[in-house]
Student: 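My questions all concern the structure below.
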There are 2 protein chains.
Amino acid sequence: MTNQAKLKVYQEVLTQIREFIEVNELQDGDRLPSERELSEQLNAARSSVREALRAIELLGLIETKHGEGTFLRTYRPYHSVELLSTFVLREVRTKEELLDVKFMLEKQCLEQVNIEEVADAFQWRSVKPEERHTAFFLPMFEAINNQLLLKIWHLVEGFSNTQLVAIQEKTYYEQLYSYIHNDERDQAIKLHASSY
Amino acid sequence: MTNQAKLKVYQEVLTQIREFIEVNELQDGDRLPSERELSEQLNAARSSVREALRAIELLGLIETKHGEGTFLRTYRPYHSVELLSTFVLREVRTKEELLDVKFMLEKQCLEQVNIEEVADAFQWRSVKPEERHTAFFLPMFEAINNQLLLKIWHLVEGFSNTQLVAIQEKTYYEQLYSYIHNDERDQAIKLHASSY
DNA sequence: TTTCGTTAGTGGTCCGACCATTATTCGGAC
DNA sequence: GTCCGAATAATGGTCGGACCACTAACGAAA
């Protein structure tokens with residue numbers, strides 16, 4: 001027996017849409033054929049075509065405008081990450097696990113970030129104490145220029161925030177910043193670790 | 001005017017399915033109500049329910065068995081991920097981000113893992129070359145004992161796997177293992193980094 | 001030329017029908 | 001009583017059509 005030969009219609013449709021995009025070299029913002037056209041050209045019911053389209057819409061790959069059509073869209077991985085997280089975090093409720101991952105991400109950030117590229121580096125100074133942490137790290141993650149990483153951290157941050165996080169003094173972040181600025185990464189990481 | 005109040009039906013359905021899972025504390029493998037039941041209970045047409053289900057099926061969050069029902073699914077990186085990735089990885093940017101995050105996670109794993117706790121440490125020896133990487137890292141991530149971290153890596157792994165990943169020789173993983181075993185973490189990390 | 005209804009095309013939603021597959025049920029053969 | 005196989009019921013898979021809501025383009029009137 002062939003192992004997997006029987007793909008569902010909506011999956012075939014997806015493949016063909018993918019090919020259509022390829023062949024016609026569609027760019028972001030370009031319009032796809034209407035649901036009815038696709039339905040006819042691909043020999044599939046409109047409802048099946050819709051199942052395919054809704055799936056990749058949810059992912060953020062396309063955008064549908066009522067009365068206008070379906071358009072290709074610049075894919076941003078963080079859309080799907082958000083969606084996935086609500087399911088992935090389903091059973092990962094352990095505060096410990098969340099904090100571990102969050103710590104790990106921040107550590108990685110401290111290692112990688114180019115401090116020169118951090119905008120609003122001192123935004124956190126003028127912010128409420130409980131928001132300092134986010135205000136400090138957010139621009140740093142943005143400077144890393146990896147939206148996926150940023151989104152993951154943001155989500156973990158959001159979930160763990162509801163738990164009590166130790167609030168650090170301004171001096172803590174000042175020290176952290178200064179370490180990185182002088183490229184004393186290991187010192188920064190050590191300090192960061194001591195706060196968890 | 002409210003900015004975005006008008007969610008589509010399938011999106012509402014999605015939310016409610018999520019709540020259903022939450023409230024009833026469904027675990028992986030558990031069965032969801034049938035499409036017809038959901039349709040009735042949520043006051044939505046069956047086709048709308050299907051749009052929602054197909055979307056999260058494509059994501060790999062549920063599994064449908066013809067004649068049986070719809071089941072919550074332990075994430076497995078085969079199936080539709082390949083299809084999905086052909087869409088998602090259209091842009092070079094996305095590939096880079098995925099690989100960066102994957103690299104980062106693995107690096108962290110190499111730093112943290114207690115090699116004594118790794119079960120099936122040499123499973124990867126007897127596996128197809130293209131599966132070596134996963135077979136090597138999976139037990140290590142499991143040994144870290146952080147469900148969240150594991151799931152994140154698994155997802156990223158699944159996507160990036162479908163694209164060209166450099167296949168390493170057995171000696172590469174042997175070396176990696178031996179470094180960690182002798183607690184020469186920095187050597188392991190350096191080796192790992194050289195492969196990306 | 002401008003304005004404003006009309007109209008055609010599009011996505012959004014619903015309904016009902018039928019098929020394919022699976023698990024269950026039940027009755028007869030042993 | 002046990003076992004087996006044929007109905008049966010429940011489920012997902014697919015189709016086609018109907019109608020609504022929204023948008024843009026067109027064309028006639030001012």
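Residue numbering restarts at 1 for every chain, and letters A, B, ... go by the order of the sequence lines.
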Student: Could you tell me whether A:Arg46 and A:Glu37 make a salt bridge, using a distance below 4.0 angstrom between a side-chain N and a carboxylate O?
Tutor: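 Result for this pair is no, no salt bridge flagged.
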Student: With sequence neighbours excluded, tell me which residues meet side chain to side chain contact (heavy atoms under 4.5 Å, CB included) with A:Asp30.
Tutor: A:Leu26, A:Gln27
Student: B:Val118: what forms a side chain to side chain contact (heavy atoms under 4.5 Å, CB included) with it, not counting sequence neighbours?
Tutor: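 Per chain and number, B:Val118 pairs via side chain to side chain contact (heavy atoms under 4.5 Å, CB included) with B:Val113, B:Ile115, B:Ala121, B:Pro139, B:Met140, B:Ala143.
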Student: Please list, for nucleotides 20-22 of chain C, all pairs of protein and nucleotide N/O atoms separated by less than 3.5 Å.
Tutor:
residue, atom, partner, partner atom, Å
C:dA20, N3, B:His66, NE2, 2.7
C:dT21, OP1, A:Lys6, NZ, 3.1

Student: Report the residues that fulfil salt bridge (Lys or Arg N to Asp or Glu O under 4.0 Å) with B:Asp183, sequence neighbours left out, ordered by chain and then residue number.
Tutor: B:Arg185
Student: State which residues pass side chain to side chain donor-acceptor pair (under 3.5 Å) with B:Arg36; sequence neighbours excluded, sorted by chain then number.
Tutor: none
Student: When the distance from CD1 of B:Ile62 to C1' of D:dG12 is rounded to whole Å, what number comes out?
Tutor: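 Going from B:Ile62 (CD1) to D:dG12 (C1'), I get 11 Å.
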Student: I'd like a table of atom pairs between the protein and nucleotides 15-17 of chain D - only N or O on both sides, under 3.5 Å - with the distance next to each one.
Tutor:
residue, atom, partner, partner atom, Å
D:dC15, OP2, A:Ala45, N, 3.1
D:dC15, OP2, A:Ser48, OG, 3.0

Student: For DNA chain D, find the residues of residues 20-32 of chain A with a heavy-atom distance under 4.0 Å and give them by number; none if there aren't any.
Tutor: none
Student: Once salt bridge (Lys or Arg N to Asp or Glu O under 4.0 Å) is applied, what residue pairs with a partner in residues 169-179 of chain A remain, sequence neighbours excluded?
Tutor: A:Arg125-A:Glu174
Student: Kindly say if A:Thr70 contacts the phosphate of C:dG11, meaning a side-chain N or O under 4.0 Å from OP1 or OP2.
Tutor: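 Checking C:dG11 against A:Thr70, a side-chain N or O does come within under 4.0 Å of OP1 or OP2.
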Student: Listed by chain and number, what are the side chain to side chain contact (heavy atoms under 4.5 Å, CB included) partners of B:Leu42, not counting sequence neighbours?
Tutor: B:Val13, B:Gln16, B:Leu38
Student: With a non-hydrogen cut-off below 4.0 angstrom, is B:Glu37 in contact with a base, only sugar-phosphate, or nothing?
Tutor: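 Since only primed, P, OP1 and OP2 atoms lie under 4.0 Å of B:Glu37, the category is sugar-phosphate.
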Student: Any chance the rings of B:Tyr177 and B:Phe136 have centres within less than 6.0 Å?
Tutor: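 Ring centres of B:Phe136 and B:Tyr177 not closer than 6.0 Å.
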Student: Mind calculating the distance between CD (A:Glu35) and P (C:dT10) to the nearest angstrom?
Tutor: 10 Å
Student: With a 4.0 Å cutoff (strictly under), does any side-chain N or O of B:Arg54 reach OP1 or OP2 of D:dG13?
Tutor: yes
Student: Taking atom types as they are modelled, is there a donor-acceptor pair under 3.5 Å from the base of C:dG11 to the side chain of A:Arg36?
Tutor: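 Per atom types, the contact qualifies.
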Student: Mind checking side chain to side chain contact (heavy atoms under 4.5 Å, CB included) for A:Glu19 and listing every partner two or more places apart, or none if nothing turns up?
Tutor: A:Thr15
Student: Could I get the full list of salt bridge (Lys or Arg N to Asp or Glu O under 4.0 Å) partners for B:Glu51, not counting sequence neighbours?
Tutor: A:Arg50
Student: Can you sort out the partners of B:Glu117 under salt bridge (Lys or Arg N to Asp or Glu O under 4.0 Å), two or more places apart, ordered by chain and number?
Tutor: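 Not a single residue meets the salt bridge (Lys or Arg N to Asp or Glu O under 4.0 Å) criterion with B:Glu117.
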